[in-house]
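Let me begin by presenting the structure, written as structure tokens, before commenting on it.
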Amino acid sequence: MSASVLLAGTTSASAQQTSNKADLPPNLAAATPLITNIPGRVSAGETTSLNGSWQYIVDPYETGFFDYRYKELRADNPAAYWHDPTPKTKTDLVEFGWNDKYSLMVPGDWNHQKDQFVYFEGTVWYQKSFDFARKLAEGSGKVYLYFGAVNYRADVYLNGHKLGFHEGGFTPFNFEVPDSLLKAKDNNLVVRVNNTRHKDDVPTLNTDWWNYGGITRSVDLVEVPASYIRDYSLQLEAPVTKNAVVSGYIQLSQLDGSATADQKVHIEIPELGFSKDFTVTGAKTPISFTLPHLELWSPEHPKLYTVSISLPMSGGKDRLSDKIGFRTVKAQGKQVLLNGKPIFMRGIAIHEEIASEVRRAWSKQDALQLLGQAKELGCNMVRLAHYPHDETMTRAADSLGILVWSEIPVYWTIDFTSKEVFAKAARQLQEMITRDHNRASIIVWSVGNETPVSPARTEFMHQLINEAHKLDNTRMVSAALEVNYNSGKNVNLIDDPLGEFVDLVAFNEYLGWYGGTPDKCRTTNWATPYNKPLFISETGGGAKYGFHADSLTRFSEEYQVWYYKELVSMLGRMPDNWVGMSPWVLADFRSPKRNNPVYQEGWNRKGLFSDKGEKKAAFYILQGYYNSIKNEGHGWPAKTGH
Ligand code: GCU
């Protein structure tokens, strides 16, 4: 499976609806490379937020897109919902329009905002009118329209013209806005959002989480000078605090997309008295520099430095700042080394959801709530499941000192034989890594979860792992693998062929929930043929908060407590390459697959926090175990030997 099909998922307007080809230079609407560090551009006054109330039309019959013969409406057909619906005369027949009566907040999923949307899957049109005061003279800069994420497919129109479309519900994308299109007043921005599930999507038809739809993350207009800093990477080469070498690259972009002539880029780290110019040529320029002294980032000491990067000579003096932690991480032999020292990961898996409000999380406050709960549990690591979470989450993890596993939703049985599906997955991988490759907290890129073993699957996943390493060779790459329970001995083997290609061998196990009762742990051992660090990426059992019974009773808190007690004692017998775990799951979360009318009612109840934020009894078992590792164990679990 060659990577050349990498760029699927964002297609130019021209490819989509030939009939509505706007007078746009063709390449402009093509997949515009992602600009990074939007928060850092905010500080440079380069962004205008379009968050807030947007008007909407629910369109289950796609009337805004297709005619009554279900043929795509021509671009200039006034019945298309991307056009201005204002009747020209009183006789004009107009059968769509926008009205405050029909408003949704952005960012936000539509499911929690109106009862009629709880289960809605289909098309909702969003509309936002906005004025735009350029800061740079027309022609001396460019404007991007940036979406943090839209689930699942977004077709984006401005002032009646299509900018393009994007697929993938959890990664950012942006479109360049041609000067010819942008007005000072009353711009008409229309986004067709569709979250219908399809077999050839990523994720595919079946997931154990709620398919929240909508413009779920922030929307910004970003205005940059003609020549600007599109992307950069700054990584510590070796875990030293004296004469520490930082290397990476600077990627400039030029108004016409052409390679830039030599330009001077200035990097400053005021706290370290570091200030230096670099000559940047062409597109992606490697850079490296030495810092006389440096504090390394770690969970115990989440030191972040303000780094400012500027292009003093560019028309608008492009300048952005970022908060970056410097640390190294790698898998070596059977260990994971953070700053050269072996670490043990006390983790928990988290869905991007604020359960108490039954909605997608997106804000800094949401991130601090979820990571605060993980900290309370005694965690130094979180698995952000099963898709990239909002940038607010990874930036909060940087400042709180929490290690992060970030994943793309190659989940269960997607179509591993399809080039198009591979391209979609690879695109999401590229967007995830491009957005977050300067986050110190992220130590693992995961390319998927519980994908069934087959040659096509292993080849597909192997290619994704190669892509991830090509995009970023400073972090581990992994995937949540399945277990071979048929090794015949009382040893469950993690011998998934994909184990050969990952850096961290991670597996999901539910011994005592999906397999027998928790006492099964007493006679079970785990092993892997791979000489690599081993990680439990999921384990857990369900309980309905407040339901108490004997420990044999499913969904009782006592059963969940039993599950965790048996787990903790079994963990004393884990092999010596065991480096941590992220039990399933921090809090109960919405799932359309959980329909026990007494205990579940559309909730996966494996949380240690209930959907109301109450701590279940099992919370204290895991917290106690993690605190014992942190305190008595000096960071390592006690071994009880076989
Ligand atoms: C699976 C899966 C999760 C799911 C969990 C469960 O392993 O990866 O997404 O929610 O198990 O069954 O609760």
Side-chain angles (χ1 to χ4, degrees), residues 151 169-170 197 201-212 347-353 355 358 360-361 370 382-389 405-414 425 444 446-453 457 461 478-485 492 494 496 498 502 504-518 520 526 535-545 554-555 557 559-560 563-564 567 581-596 599-611 616 618-619 622:
N151 192 45
F170 304 98
R197 289 166 289 115
D201 286 349
V202 177
T204 183
L205 292 164
N206 188 19
T207 69
D208 190 27
W209 69 79
W210 204 265
N211 182 27
Y212 290 104
I348 192 77
I350 301 182
H351 260 299
E352 186 179 52
E353 190 178 80
V358 201
R360 274 271 172 248
L370 296 170
V382 291
R383 176 186 176 196
L384 302 183
H386 290 290
Y387 36 77
H389 289 207
W405 160 308
S406 184
E407 180 166 292
I408 54 170
V410 173
Y411 181 91
W412 287 347
T413 316
I414 67 164
V444 182
S446 166
V447 294
N449 179 73
E450 291 187 355
T451 50
V453 176
R457 166 266 192 180
M461 301 300 279
S478 186
L481 307 179
E482 302 219 331
V483 174
N484 169 359
Y485 289 99
N492 291 334
I494 298 91
D496 182 321
L498 202 58
V502 294
L504 177 70
V505 174
F507 67 100
N508 296 354
E509 68 84 17
Y510 284 90
L511 214 58
W513 184 258
Y514 290 130
T517 48
K520 207 147 184 233
W526 303 89
F535 183 80
I536 301 176
S537 38
E538 282 181 40
T539 180
K544 172 104 169 63
Y545 177 78
R554 289 275 176 165
F555 293 110
E557 291 201 44
Y559 191 107
Q560 195 184 39
Y563 183 99
Y564 274 90
L567 170 71
M581 65 176 181
S582 54
W584 192 262
V585 62
L586 180 73
D588 292 356
F589 62 93
R590 294 293 283 162
S591 167
K593 298 176 68 63
R594 309 295 169 173
N595 299 313
N596 176 310
Y599 303 116
Q600 294 179 316
E601 300 176 271
W603 291 94
N604 182 312
R605 294 288 186 197
K606 296 191 181 70
L608 292 170
F609 285 87
S610 74
D611 55 300
K616 300 179 188 177
F619 169 94
L622 187 60

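Excluded from the calculations below are hydrogen atoms, water molecules and symmetry mates; all remaining heavy atoms, backbone and side chain alike, are included. Atoms within each ligand, like the ligands themselves, are counted from 1 in listed order.
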- atom 4 (C) of ligand 1 [closest protein heavy-atom partner, distance rounded to 0.1 Å]: Asp208 OD2, 3.2 Å
- Query: Is the shortest N/O to N/O distance between His351 and ligand 1 below 3.5 Å?
  - Reply: no
- The option among Trp513, Tyr411, Trp209, Tyr510 carrying the non-hydrogen atom nearest to atom 9 (O) of ligand 1 is Tyr411
- Query: Counting from 1, what ligand 1 atoms have a heavy atom of Tyr514 closer than 4.0 Å?
  - Reply: 6 (C), 12 (O), 13 (O)
- Message: With a heavy-atom distance limit of 4.0 Å, tell me whether Arg605 approaches ligand 1 through its side chain, its backbone, both, or neither.
- Response: neither
- Protein contact to atom 13 (O) of ligand 1 [nearest heavy atom, distance to 0.1 Å]: Lys606 NZ, 2.7 Å
- Task: Return the minimal non-hydrogen interatomic distance between Gln560 and Gly542, and the atom names on each side.
- Result: CB-O, 4.0 Å
- Message: Heavy atoms only, cut-off 4.0 Å: how does Val585 contact ligand 1, side chain, backbone, both, or neither?
- Response: neither
- Query: Does the ring centre of Trp584 sit less than 6.0 Å away from the ring centre of His386?
  - Reply: yes
- Region of Thr207 engaging ligand 1 - heavy atom pairs below 4.0 Å: neither
- Task: Taking the six-membered ring for Trp and the single ring otherwise, decide whether the centroids of Trp210 and Phe589 are under 6.0 Å apart.
- Result: no
- Nearest non-hydrogen protein atom, atom 2 (C) of ligand 1: Glu538 OE1, 3.4 Å
- Query: Hey, are Glu353 and Tyr212 close enough side-chain-wise for a donor-acceptor pair under 3.5 Å?
  - Reply: yes
- Contacting atoms of ligand 1, where contact means under 4.0 angstrom from a heavy atom of Asn449: 2 (C), 8 (O)
- Show which atoms of ligand 1 fall inside a sub-4.0 Å distance from at least one heavy-atom site of His386. 3 (C), 8 (O), 9 (O)
- Task: Carefully, step by step, assess Asn449 and Arg383 under the rule side-chain hydrogen bond (donor to acceptor under 3.5 Å, both in side chains).
- Result: CA-CA 12 Å; Asn449 179 73; Arg383 176 186 176 196; 2.9 Å; yes
- Grab the two heavy atoms, one from Thr204 and one from Tyr411, that are nearest each other, plus how far apart they are. CG2-O, 4.3 Å
- Do Asp588 and Ser610 meet the criterion of a side-chain donor-acceptor pair at a distance under 3.5 Å? no
